[in-house]
Amino acid sequence: MNTALKVLKADDFASDQDIRWCPGCGDYSILAQMKKVLPEIGIPPEQTVFISGIGCSSRFPYYVNTYGVHSIHGRAPAVATGLKLARPDLSVWVITGDGDSLSIGGNHFIHLLRRNVDLNIILFNNRIYGLTKGQYSPTSVEGQITKSTPMGVVDHPLNPISVAIGAEATFIARSVDSNIKHLASVLKRAAEHPGTSFVEVYQNCNVFNDGAFSYAQDKATRDDATVELEHGKPMIFGKDKDKGIRLNGFTLEVVNLADGNVKEDDLLFHDEKADPALVYLLSRMRHPQFPEPIGVFRNVVHETFEDAVRGQIDQAVQQRGPGDLQKLFNSGDTWTVKA
Amino acid sequence: MSTQASSTIDKPVEFVSGITVRLVGDSGDGMQLLGQQLTNTSALLGNDVATFPDFPAEIRAPRGTRAGVSGFQVQFASHEVHTPGDTLDALVAMNPAALVTNLADLVKGGLLIVNDDSFEEKDLKLAKLNTSPLEDPSMEKYRLIKVSMTRLTKEAVTEFGLSTKEADRCKNFFAMGLVYWLYGRNMDATLRFIHGKFSGGKSAIAAANEKALRAGWAYGETIEALGQSYNVEPAKLTPGTYRNIMGNQALAWGLLAAAQRSGKELFYASYPITPASDILHELARYKNFGVCTFQAEDEIAAVCSAIGASYGGQMGVTTSSGPGIALKAEAMGLALMLELPLLVIDVQRGGPSTGLPTKTEQADLLQVMFGRNGEAPLPVLAARSPGDCFDIVQDAWMIATQLMIPVVVLSDGYIANGAEPWRIPDVTKLTEFKVEHPQENNNPDGPFKPYLRNELLARPWAIPGTPGLMHRVGGIEKEDGSGNISYDPENHQKMVHIRAQKVANAAKLLPPQDVHGPDSGDLLVLSWGGTYGACLTAVERAQSAGKRVALAHLRYLNPFPSNLGDILARYKKILIPELNMGQLRMLIRSRYLVDAIGYNKIKGKPFTVSELYEKIIEQTK
Ligand SMILES: Cc1ncc(C[n+]2csc(CCOP(=O)(O)OP(=O)(O)O)c2C)c(N)n1
Ligand code: SF4
Ligand SMILES: [Mg+2]
C-alpha cells in the first residue's frame, strides 16, 4: 500500500499550455471550477481523461494536465465510449459545445445518454458557434440575430435538458458559469454519479452572444430568474424566497407564498428520482415565464454500459472457458490430406 | 447411416476432373444453404472448391420474379481451382425466372435439372414469359431432366404432418439429394447439419428434411433419364488438416489470431452494412476470447470508438463497405494525426452511392488511398482470396502497431462470401509481434514527449493510467516531439513528410513482391484483390499455351513492394485487369511512368477465366 498518497491541488491539474480563449469568456470560469473540483474528487491525473470535439469549448483538454483527446467535431461521445469500453478503470470527461453536441454530434449525444456509459459530459451552452465566429446554433433562440441570421433565427431551438430526458439520461443537471459555488458542487455530483452524467452549463460568449444568460448570471436578477433544485425540498425561489412552483394537473405554475394563500406543503417537492415525465416538465420552464431550474434534475442509478458489455464477456468466459484458437479453427467439419 | 457413393447399385459412375454446378431459385428457396452444403461436402471429400454466391439485395423480392432469383455456384475438382468456374456443367433451376436468367452459362450438352411443378401459367407470368422455356426448341442443346420436385417432396414427407408451406420448404433438400446422388456426394455432413439446425421442438422438420434429401437421392438412383452418375477424386492439396472457410469468417479469425500474437485485446466496432456485417456477427460470438464488439449508432461512431479504444491501449478495428468508409474518412484522418494503431476494413461492393450492395467490385481503391482531406496517406493492403483474409489482417495489425498508424484493408463481396478449403494453421507456430507501452518519461528536461520517434518513425504508445506520461493528442497540427499545437510552417512541412515516410516504412516490414511465371517476358499481368483466382488461372492457361506471361498479384497497394519497379521493367507489356475503371492502373502509371494497359469490367460480377485468357492472348499476339 502506498501510504504517502500525495494530496492533490488545483495546480496539479494545470497544464503548461497557454490558454487561448478570449478575455472574459465564460470558459475560464468553468476551467477554474474543474481544476478546483478534480483534486477533491481524488482521482489522480493519470487516471483522468478529457475528450472533446471541436469548438472554443473543446480546447479544454489542452489546459488540464491529464490525459486528453481533442477529437473531431461532434464525435467526442463516440471516442469516449470506445475508451470507456476498453478501459472502464479510467475517469472520463467529455467536453462539448452546443453546436458540437446538438448539431453535428446530435446522434452520438443521444446514444451516449441512452447507453449510460459511465462518464461525465459537460455541455458549454453559449447559444452560438464561437470558434467559427458567430453563426447561430441549435440552442440559439428564435429571432436571434447572428452572422448567419441577419434577419433573425427562424428555427425552433433544442432544449438540451429536454433532449437528455428524452434519451433517459440517468444524471441530468444544469449550472451557470458565473455561479462558481453552484457549478463546483454540480461538477462534483456529476463525477460521483455512476453512469452518464450530463451537465448543461450556461456559458457566456462575450464576443458573439454577450449576455445571452445575463438573467441567470447577474446578481440582481438571478434569484428571480432561476430556481435551485434541491432533492426533497420544495421549489422556492426569489430574492425574498417568496415564490414557489406548484404542480397543477399536468402543468407547472408559479405561485406567490407571500400572501399566505399557498403553503409550502402545496409546492412541488423536488425529487431526483421522479418519473421522466416530471423531469421533462421541469426542463420546459423557461425565462421569463418561469425561473429556470439549476441543479440536479435527475439522478437515478442504472447499470452502466461498460459493466453490461464487460459482464457479457466475463459470462462468456465463465460459460465456455477462455477462447482457444486451435479449438475454434478445428471446430466443425475438417478433413486431413496425407503427405 | 453412412451413405456411400457406391450405393448407386446399377448405374455406372464416371470420374471427371472437375464439375461446376449452379443452383438457382427464388430467394426464399434456400439456394444459398444448398450451395454451402454442397461446398462443404465436396471439401470434406477432399476436392478443391471455389464458390460464388450471388443473391439479390432484397431480402424477399417478389416470389417467382427475375429480381428475386438467388444463385450459388460451386466448382469442385481433383486439381487446384481458384475460381468458381466460367461455365456450368449442370444447372439446377427451381423456377422459370431462375432458368431464363441463368441458362446462358450452361455448356452445350450440360445437365439442366428443373422443378417441373413450378412451370405453370402463373409461374411463367411472374417471370414475364408467354410460353414455357421448357418447350423451346433450344432446349435440345441441353440434357433436360424435368422433376416434379414439389409433388415428390410433398409425398415423401406426408408422414410428418407438416403444414403445406413447411412441406414445400423441404424441396430444396430433395433437389440436394438428387445433386448428391448425381455427383456421389456423401450425405453425412448434411444430415448432421439438418439435425443440428432443426433440433428440439423442430425435430419433425429435421426428419422431413432428411426424408426429402434421401428421396432426392433415391430418385436419382431409379429414374431412367439419368443413366449414370459422376464423381470427382480428391485433389492433391498440401498435406495438413483442412476446413472450409469463407472470407468474412477468415477475416474475423485473423483478427483473433492477431490479438493473440500481439497480446492485445481486440476492440471491434461496426455499423451493419452488406457485405461486411457477417464479420460483426462472427466476432460477436467470440466474447470468450476477450473480444469487445460494439454495434455503434453509425459508421462515424464506430471508427471513433475504435480510436478511443486504441488510445486506451486496446486494438481498435472497424469494418464497413464503401458508403460507410466514406463516412469514416474524417476520423481516419484524425487517427493518422493522433498516430494511433487502427484497422479500417473495407469489404467493397458495387458503387457509387448504394450501388449494387450484394455484388462485387474493386472501385474503392482510390477512395481509401485519397479520400481524406489534406496530405493523409495510409498503408493499404488487399486480400486476394477467402483464406487470405486471415493472413492479410494480421499483416495489417502488425504494421499498425509497429508504425503507430491506421491501416486500411480491402476485401470485396466476392471473397467475403466466397469459400475455399483452408489449411488450418498450427497456432503454436504463430509468431509474436511485440507491442509495448512506455512506463518512463522520455524527456529528462520536462514533460513526456508523445511524438518522440523510433527508427521506424513510430511514436510511443503511452496509455492513460501511466503516471507521469499525461499528454494530450488532437487533430490540430502538432510540434514534432512535444506534440504541442504548432502552426509553424516549417514544422508542418516536416510533419507532412514524416507521416508520408511512416507509410513508406511499411515496405520494410513486408516481403518483396513475387512473380508467378518467367522473370521476364512479353506480358506481366498485374492484379490485386479478389481477382487473383481468375488472373492466376488465365495466366497459367496462357503459359501452357506457350505464352511468355507472368502474374504479379499485389497484396500491398500502399506502399508498393520495394521491388515492384524492377519487376515492371522486365516485361514488354503490363496488363492490369480490374473490376473498376482502372484505379490501380492510374496509380501504377503515375508512380512508375509505365504505359500499363487496362482490362476493366464493371458488371458487379467477377472476371471469367476465359475473358482474361482472351485478353492475354490478344496482347501477346
Ligand atoms: C466537420 C467539421 N465541420 C465544421 C467545422 C467548423 N466548426 C468548428 S467549431 C464549429 C461550431 C462550434 O460551436 P460549438 O460547438 O457551440 O462550440 P463553441 O465554439 O461555441 O464553444 C464549427 C461549425 C469543423 N471543425 N469540422
Ligand atoms: S469566441 Fe466566445 S466562446 Fe469562443 S473564446 Fe471567445 S468568448 Fe469564448
Ligand atoms: Mg457554442
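The sequence lines fix the lettering, A, B, ..., with proteins before strands; numbering per chain opens at 1.
Closest heavy-atom contact between A/A339 and B/P239: CA-CG, 3.4 Å. In this structure, B/N244 and A/W335 approach most closely via the heavy-atom pair N-CZ3, 3.8 Å. In terms of heavy atoms, A/A316 sits closest to B/K287 at CB-CB, 3.7 Å.
For residues 60-74 of chain A, the set of pairs meeting the side chain to side chain donor-acceptor pair (under 3.5 Å) definition, not counting sequence neighbours, comprises A/Y62-A/H70, A/N65-B/R472, A/H73-A/D100.
Considering only heavy atoms from C-beta on, B/M470 stays 4.5 Å or farther from A/V49 through its side chain. Taking the side chain as every heavy atom from C-beta outward, A/F329 and B/V427 approach each other to under 4.5 Å. In this structure, A/Q319 and B/N288 have side chains that are not in contact, with every pair of non-hydrogen atoms separated by 4.5 Å or more. Side-chain atoms of B/I424 and A/Q326, non-hydrogen and from C-beta on, do get closer than 4.5 Å to each other. For the pair A/V79/B/S305, no side-chain contact is recorded, criterion being any heavy-atom separation below 4.5 Å from C-beta on. Residues B/R192 and A/D333 meet the side-chain proximity criterion, which asks for heavy atoms closer than 4.5 Å.
Each of B/L338, B/L237, B/I476 has some count of heavy-atom pairs under 4.5 Å with chain A, and the biggest count is that of B/I476. Here B/F294 is the residue among B/F294, B/F267, B/Y286, B/W422 with the most heavy-atom pairs under 4.5 Å with chain A.
For CZ of A/R320, the number of neighbouring non-hydrogen atoms (other residues, nucleotides, ligands) closer than 6.0 Å is greater than 12.
Neither the backbone nor the side chain of A/R114 comes within contact range of chain B; no heavy atom of the residue lies under 4.5 Å from a heavy atom of that chain. No part of A/I54 comes within reach of chain B, as not one of its non-hydrogen atoms sits under 4.5 angstrom from that chain. Of the two parts of A/D16, only the side chain, counted from C-beta on, holds a non-hydrogen atom closer than 4.5 Å to a non-hydrogen atom of chain B.
Using modelled atom types, one side-chain atom of A/R87 and one backbone atom of B/P464 make a donor-acceptor pair closer than 3.5 Å. Side-chain atoms of A/R75 never come within 3.5 Å of backbone atoms of B/I300 as a donor-acceptor pair (strictly under, hydrogens ignored).
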